[in-house]
Amino acid sequence: MKVLVTGAAGSIGRVVTHGLADRGHTVVGLDLVPQPGGSDGHWYTVDCTDADAVAAVFDEESFDGVVHLAGIPGETSLPDALSSHVVTTAALLDAMVEHDVSRFVYASSNHAVGRTPRRELVGTDTRPRPDTFYGVGKVAAEALMSLYADRHGLDAVACRIGSFHERPETPRQLATWLSHDDCVRMVDAALTAPAPGFAVLYGISANTRAWWDLEPGRALGYDPVDDAEEFAASVAPTPDDEAEAAYVGGPFAMADIVRPALDGTS
Ligand code: 15L
């Protein structure tokens with residue numbers, strides 16, 4: 001497939017662009033920043049909140065799918081979260097509809113359900129329960145994907161990513177870790193699953209201590225291979241472990257991240 005990857009210069013973006021190319025896809029990168037050294041292929045330096053600039057990319061060349069990874073990866077004011085996660089998604093979805101591109105894969109987040117108390121395994125049928133304005137942005141972007149799937153017949157897969165790192169670094173991450181290789185497997189499956197319509201999966205590895213259900217991902221062909229347990233002996237406890245385990249969003253569900261919605265905006 002020929003795939004446009006937004007946020008291609010970011011930490012997930014760099015792994016995904018290389019990984020998809022290794023799997024035989026033709027990858028076109030897009031980011032706010034110029035193409036990093038060591039990355040090949042066509043590149044657009046574009047801000048995804050600029051709908052005209054996004055439309056111009058689709059006017060210039062055609063794609064079979066879009067992998068939308070761009071976005072601020074942490075808490076912000078509510079307007080910034082809506083711009084970063086919802087406006088960017090809207091600009092891409094409108095351009096896709098205009099140019100008959102039907103597959104959209106989105107880097108959503110576990111923080112869309114982060115305020116869910118940590119009890120049993122969380123499925124994709126649980127209610128949206130964001131832990132932050134970041135999580136609200138992810139929930140709203142997923143809602144937009146659902147709308148475009150229903151209105152325009154798009155296939156739109158929201159990957160609620162856990163903790164993307166080379167290896168798990170904290171006790172929470174023994175449950176939430178997504179390895180680099182599994183991340184590529186996840187995106188490839190979400191791009192190529194036959195006719196998923198609107199679908200949600202949890203982007204974690206096959207962690208023995210998982211807090212999220214992997215079955216919805218497996219149904220789409222995402223079969224994770226790695227397990228954070230392999231690193232358990234080298235992960236040291238931290239003073240925040242108990243508080244981080246109260247809600248599945250961990251530190252994002254803790255009191256010290258709380259701020260007014262319009263803080264810092266006019
Ligand atoms: C995310 O969605 C964030 O982008 C990242 O910064 C981490 O906090 C991650 O979730 C996580 O929950 O570990």
Side-chain angles (χ1 to χ4, degrees), residues 5-16 31-32 48 67-78 80-86 88-89 105-118 121-122 124 126 128-142 145 157-180 182-183 186-187 190 200-205 207 209-214 217 224 226 228 231-232 235 238 240-259:
V5 177
T6 75
S11 57
I12 301 183
R14 274 173 285 153
V15 168
V16 165
D31 208 298
L32 273 174
C48 289
V67 177
H68 183 28
L69 307 174
I72 303 168
E75 183 61 323
T76 60
S77 70
L78 180 64
D80 285 349
L82 296 179
S83 171
S84 178
H85 309 300
V86 189
T88 61
T89 298
V105 176
Y106 181 54
S108 186
S109 169
N110 73 85
H111 298 291
V113 291
R115 202 53 203 248
T116 309
R118 170 72 204 101
L121 203 64
V122 181
T124 51
T126 192
R129 206 160 180 181
D131 51 23
T132 42
F133 303 127
Y134 171 72
V136 169
K138 294 300 187 185
V139 169
E142 288 187 6
M145 292 164 62
V157 181
C159 303
R160 291 180 180 164
I161 295 175
S163 307
F164 174 83
H165 294 284
E166 257 181 70
R167 49 187 293 162
E169 290 160 9
T170 64
R172 174 176 180 266
Q173 290 174 13
L174 294 174
T176 65
W177 185 52
L178 175 64
S179 75
H180 287 191
D182 281 337
C183 183
M186 173 191 77
V187 172
V200 176
L201 63 81
Y202 287 106
I204 56 170
S205 285
N207 303 324
R209 306 185 197 192
W211 292 348
W212 295 292
D213 190 359
L214 278 164
D226 299 316
F231 301 94
V235 171
T238 79
D240 287 334
D241 290 343
E242 200 182 325
E244 285 200 1
Y247 297 95
V248 297
F252 282 36
M254 286 163 61
D256 53 5
I257 206 161
V258 174
R259 56 184 283 175

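In listed order, ligands and their atoms are each counted from 1. Numbering starts at 1 and runs along the sequence shown.
Contact of the Ile257 side chain with the Pro251 side chain is not registered, since no non-hydrogen atoms from C-beta on lie closer than 4.5 Å. Residues Tyr134 and His85 are in side-chain contact: their nearest non-hydrogen atoms beyond the backbone lie under 4.5 Å apart.
Side-chain N or O atoms of Arg209 include none that pairs as donor or acceptor with a backbone N or O of Thr176 at under 3.5 Å. Judged purely by atom type and a 3.5 angstrom limit, Asp226 has no side-chain atom pairing as donor or acceptor with the backbone of Ser205.
Contact shell of ligand 1 (protein heavy atoms, cutoff 4.0 Å): Pro73, Ser109, Asn110, His111, Tyr134, Gly162, Ser163, Arg172, Phe252.
Residue pairs that meet the salt bridge (charged side-chain N to carboxylate O under 4.0 Å, His left out) test with at least one member in residues 129-140, sequence neighbours left out, do not exist here.
Residues Thr238 and Asp241 bring a donor and an acceptor atom of their side chains to less than 3.5 Å of each other.
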